[in-house]
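This structure is a prediction, so every number in the text was calculated from the model and none was measured. Just so you know, ligand 1 is whichever comes first in the structure, and atom 1 is the first atom listed for that ligand.
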Amino acid sequence: MKDKMIDIFTKAYKYNEGVSVFFAPGRVNLIGEHTDYNGGHVFPVALSIGTYGAFAKREDNRLRFYSANFEEAGVIESSLEDLNPSEEAGWTNYLKGIIWTFAGRGMKIEKGLDIVLWGNIPNGSGLSSSASIEVLMGYALRELYGFSVTNVELAQIGQYSENNFNGMNCGIMDQFASAMGKKDNAIFLDTADLSFEYAPIALKDKKIVVTNSKVKHSLVTSAYNDRRSSCELALKELQGAVAIKGLGDLSVEQFEEYKHLIKDEDRVKKAKHAVYENIRTIRAVQALKDNDIEAFGKLMNESHVSLRDDYDVSCPEIDVLVEAAWSVDGVTGSRITGGGFGGCTVSIVEDRAIDSFKEVVTKAYKEKCDMVPEFYVVEIGNGPCTL
Ligand code: ADP
Ligand code: MG
């Protein structure tokens, strides 16, 4: 990959002296969806696929960006004087936001960079290509300039940047999974205080299979931000009666006792998802520890139903993929993953059933949606690295 990246860099900028190559992974979340901005638990894994970047320092203050995934945009030029979000800046906003966030924390770079990216992860599909490029940029700044930041801080910087530069009010999960990934382990993270533990994922005769619906809905950012606002409002209404910092602090019983304080039916459903999904995630990790993978799968299925009916972040195409998966003998569990409104599903599938899984899901998707899904049998990888 290093050679490939240097090749792309050379084609873009016609030189290749002083180039460093880095990688940061994407992630798939096994369970715990839309809980990360509610002080709840999440359970993602970093993937062996993600985004590669080649970087070289410049002598002036120019910034040049090129992505082999967005060839048509060509080389996009900017400078350190222009660290403001803008529509024209397109995908480069993600990287500029990281440089801007570092500067805001006293880690200012004085001279510019030439940068190329190439990702082997689908964009905008719920596998967090955006977090991978944020963590990649932060990691590159740390390695190139010797800034003293931990990987957890790289995750926090990524989230801060996506919230405040890109206007996407995401939680910490995506960046945390990318920055802290560990091969063959999932990360059981409590987003209330960032305490976490690694949980080995030894599925023996099963695999994690990601299915890409290839559906990308517009207005995802505003729909996501709306969900977040609803949960925040519901939290305020509940805080009148119970001393909680986030919806993740509530047990199911407490929620049922106090939910009448939430003065809107729709908001009750949103808060219900946040509370129940958090409890489901805790139970799922316990099930995994107890070697009860069937129980884990059942909780994944319940998670989907809740995201579909209460949180309202699924879409007809994703429901077709998940329902087809449920119908296959040898599928332990299947659900939507990521922010929603399209993107991917995640399923746990017995090795012997993988072929029939692909066949049944493809057939249903073709018949009901006239589309062809894409499948990735996932490998759990490490966090960012230097090549
Ligand atoms: P997800 O994070 O689920 O993939 P997002 O919509 O949050 O979806 O992020 C996708 C966006 O991230 C892309 O539209 C693009 O702006 C940026 N991006 C991701 N990967 C790359 C890449 N390799 N090169 C350039 N931009 C990228
Ligand atoms: Mg994203």
Review point. Hey, quick one: are Val45 and Ile49 part of the same hydrophobic cluster, counting side-chain heavy atoms closer than 4.5 Å, chains of contacts allowed?
Key: yes
Point to revise | Enumerated ligand 1 atoms positioned under 4.0 Å from heavy atoms of Gly124 | key: 1 (P), 4 (O), 6 (O), 8 (O), 10 (C)
Point to revise | Option passing side-chain hydrogen bond (donor to acceptor under 3.5 Å, both in side chains) with Ser303 (candidates Glu33, Arg280, Glu277) | key: Glu277
Check your understanding: Hey, is ligand 1 close enough to Ser67 that some N/O pair sits below 3.5 Å?
Key -> yes
Practice item. Check whether Phe341 and Leu127 end up in the same hydrophobic cluster, where Ile, Leu, Val, Met, Phe, Trp and Tyr are linked by side-chain heavy atoms less than 4.5 Å apart. Key: no
Review point. Under a single-linkage definition using a 4.5 Å side-chain heavy-atom cutoff for Ile, Leu, Val, Met, Phe, Trp and Tyr, are Phe176 and Val149 assigned to the same hydrophobic cluster?
Key: no
**Study point:** Residue Leu127 vicinity, atoms of ligand 1 by number, heavy atom under 4.0 Å
**Key:** 3 (O)
Exercise for review: Please work out which of Tyr66, Trp91, Phe70, Tyr224 has its closest non-hydrogen atom nearest to atom 14 (O) of ligand 1.
Suggested key: Phe70
Review point. Should Gly338 be listed as contacting ligand 1, given a heavy-atom distance under 4.0 Å as the test?
Key: no
Contacts under 3.5 angstrom, residues 114-121 side chains, donor-acceptor by atom type, not counting sequence neighbours:
residue : atom : partner : partner atom : Å
Asp114  : OD1  : Arg58   : NH1          : 3.1
Asp114  : OD1  : Arg64   : NE           : 2.9
Asp114  : OD2  : Tyr15   : OH           : 2.7
Asp114  : OD2  : Arg58   : NH1          : 3.3
Asp114  : OD2  : Arg64   : NH2          : 3.0
Asn120  : OD1  : Gly50   : N            : 2.9

Exercise for review: Could you list the atoms of ligand 1 found under 4.0 angstrom from a heavy atom of Ser125?
Suggested key: 3 (O), 4 (O)
**Study point:** ligand 1 versus Ser130: contacting region, heavy-atom distance under 4.0 Å
**Key:** both
Point to revise | Lys/Arg N to Asp/Glu carboxylate O, Arg62 vs Glu77, below 4.0 Å | key: yes
Practice item. Check whether any N, O or S atom of Ser128, backbone or side chain, sits closer than 2.8 Å to the Mg ion (ligand 2). Key: no
Check your understanding: Going by distance only, is there an N or O of Gly126 that falls short of 3.5 Å from an N or O of ligand 1?
Key -> yes
Revision key, fill the gap. the protein heavy atom lying closest to atom 23 (N) of ligand 1 turns out to be Asn69 OD1, 2.8 Å
**Study point:** Proximal atoms of ligand 1 relative to Gly119 (non-hydrogen, under 4.0 Å)
**Key:** 23 (N)
Exercise for review: Kindly determine whether Ile109 and Ile99 satisfy side-chain contact (heavy atoms from CB on, under 4.5 Å), including the steps that lead there.
Suggested key: CA-CA 8 Å; Ile109 59 171; Ile99 300 172; 4.1 Å; yes
Check your understanding: In terms of atom number and element, which parts of ligand 1 are under 4.0 angstrom from non-hydrogen atoms of Leu117?
Key -> 24 (N)
Review point. Name the one of Phe102, Phe22, Tyr52, Tyr145 that satisfies ring-ring contact (aromatic ring centres under 6.0 Å, His included) with Tyr139?
Key: Phe22
Review point. Relative to the heavy atoms of Ile133, which atoms of ligand 1 are at a distance of less than 4.0 Å?
Key: 17 (C), 18 (N), 20 (N), 21 (C), 27 (C)
Check your understanding: Are any of the side-chain nitrogens in Arg352 or Asp329 under 4.0 Å away from the carboxylate oxygens of its partner?
Key -> yes
Check your understanding: Using a heavy-atom cut-off of under 4.0 Å, does the side chain or the backbone of Ser132 touch ligand 1, or both, or neither?
Key -> neither
Exercise for review: Measure the spacing between OG of Ser128 and CD of Glu162 and express it to the nearest 0.5 Å.
Suggested key: 8.0 Å
Exercise for review: May I ask you to list the atoms of ligand 1 that are less than 4.0 angstrom from any heavy atom of Tyr94?
Suggested key: 9 (O), 11 (C), 12 (O), 16 (O), 17 (C)
Point to revise | Proximal candidate to atom 20 (N) of ligand 1 [heavy atom criterion; set Asn123, Leu136, Ile121] | key: Asn123
**Study point:** Side-chain ion pair, Glu294 and Lys298, N-O less than 4.0 Å
**Key:** no
Point to revise | ligand 1 to Ser129 polar contact by distance, N or O atoms, under 3.5 Å | key: yes
